Amino acid sequence: MSKNRTAKVDSYFTLPYDVEEAFSEMHGSIDPDSGHIVCHKYTPRLGVIGNGVDHVPYIGFGECLSIVYGNTVVGKLLSILDAHQIDCLEIKQGSRLVVETSSGEVPVEDLVIAIHRLRMLGYGVVKLYLGRTSNGYIPVAIGVDKDNRREMIAVFIDPSCSRREEKQSTAHI
């Protein structure tokens with residue numbers, strides 16, 4: 001262990017409550033046995049994505065959606081993923097919603113849900129990017145507040161989900 005090394009925090013963010021509520025699918029219900037109000041939601045996952053030089057923490061919800069928040073952290077994520085903006089999504093008849101890449105198709109069903117939730121949160125501008133990890137391509141939706149009242153948010157498909165074959169899912173919007 002080197003005596004000259006000291007730990008430091010490079011990147012962090014605080015997730016606003018309304019964002020956490022929307023992506024964790026938090027909802028209340030009444031317990032039929034006790035009559036108490038109980039809260040149900042996805043349990044968040046914490047992860048770190050990096051390229052060997054830079055690293056960014058992220059919070060994951062549900063099966064595959066992950067979030068980073070804040071202009072600096074979003075910019076760092078795009079840099080780590082070497083992400084490039086994409087202009088359109090293509091829907092193929094009888095198939096799933098995909099982004100076409102030079103290496104094939106990347107499923108983006110979860111990203112469509114993310115875009116809807118970003119709109120519900122008031123992000124009027126959503127830009128789509130496609131980044132890359134060792135697991136393959138990662139689609140990213142960036143929410144931008146055109147009134148500059150809040151920082152940018154990036155919602156992306158968790159890299160551990162990118163190699164899953166033909167994931168069957170139901171969108172609960």
Side-chain angles (χ1 to χ4, degrees), residues 7-28 39-91 97-101 106-133 135-162 169 171-173:
K8 69 176 187 162
V9 176
D10 282 336
S11 300
Y12 70 92
F13 59 91
T14 302
L15 197 61
Y17 180 77
D18 61 340
V19 173
E20 193 256 344
E21 182 179 31
F23 284 94
S24 69
E25 293 190 10
M26 188 181 306
H27 64 280
C39 185
H40 300 279
K41 67 177 190 168
Y42 283 129
T43 301
R45 297 179 320 278
L46 301 177
V48 176
I49 191 166
N51 61 6
V53 177
D54 288 320
H55 296 82
V56 171
Y58 67 86
I59 299 174
F61 293 103
E63 288 185 37
C64 290
L65 289 181
S66 298
I67 298 171
V68 300
Y69 186 82
N71 296 346
T72 304
V73 178
V74 169
K76 200 171 187 181
L77 174 72
L78 293 175
S79 174
I80 287 169
L81 294 175
D82 192 25
H84 301 285
Q85 190 167 354
I86 57 175
D87 296 320
C88 66
L89 299 176
E90 180 181 337
I91 299 174
L97 186 61
V98 298
V99 171
E100 292 281 341
T101 69
V106 178
V108 291
E109 292 90 352
D110 290 326
L111 202 60
V112 173
I113 295 167
I115 291 167
H116 175 72
R117 291 188 185 146
L118 288 174
R119 296 279 188 178
M120 286 176 23
L121 289 167
Y123 286 95
V125 177
V126 177
K127 297 179 179 182
L128 298 176
Y129 289 81
L130 194 61
R132 188 170 179 109
T133 69
N135 289 349
Y137 288 98
I138 302 293
V140 182
I142 305 292
V144 179
D145 184 352
K146 60 184 172 186
D147 298 327
N148 291 320
R149 289 176 290 157
R150 57 181 12 182
E151 296 205 49
M152 285 190 293
I153 182 171
V155 182
F156 59 99
I157 306 302
D158 191 313
S160 64
C161 292
S162 65
S169 66
H172 299 284
I173 299 177

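Source: prediction; values computed, not measured.
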Is there side-chain contact between L128 and I115, with at least one heavy-atom pair below 4.5 Å?
yes

Would you mind reporting whether K41 and F61 have side-chain heavy atoms less than 4.5 Å apart?
no

Ignoring hydrogens, what is the shortest heavy-atom contact between [X] and [Y]? Give both atom names and the distance.
X    : Y    : value
I49  : T133 : CD1-CG2, 4.1 Å
Y129 : Q85  : CD2-N, 3.4 Å
G143 : Y123 : C-CD2, 3.4 Å
V126 : A141 : CG1-CB, 4.1 Å
A114 : V155 : CB-CG1, 3.3 Å
Y69  : R150 : OH-CB, 3.7 Å

Between R117 and E25, is a side chain to side chain contact (heavy atoms under 4.5 Å, CB included) present by the stated rule, with each step listed?
CA-CA 10 Å; R117 291 188 185 146; E25 293 190 10; 2.4 Å; yes

Is the backbone N or O of A83 less than 3.5 Å from a side-chain atom of R132, with the two atoms forming a donor-acceptor pair by type?
no

Donor-acceptor pair, distance only, cut-off 3.5 Å: does the side chain of R45 make one with the backbone of Y58?
no

If you round to the nearest 0.5 Å, how far is [atom2] of [Y] from [atom1] of [X]?
X    : Y    : atom1 : atom2 : answer
H116 : L121 : NE2   : CG    : 10.0 Å
I80  : N51  : CD1   : CG    : 5.0 Å
I142 : N71  : CD1   : CG    : 10.0 Å
I86  : L130 : CD1   : CG    : 5.5 Å
F13  : I59  : CZ    : CD1   : 4.0 Å
F23  : L65  : CZ    : CG    : 6.5 Å

When C64 is tested against each of D110, I113, L111 for side chain to side chain contact (heavy atoms under 4.5 Å, CB included), which residue passes?
D110

Verdict with supporting geometry, I67 and I153, side chain to side chain contact (heavy atoms under 4.5 Å, CB included)
CA-CA 7 Å; I67 298 171; I153 182 171; 3.7 Å; yes

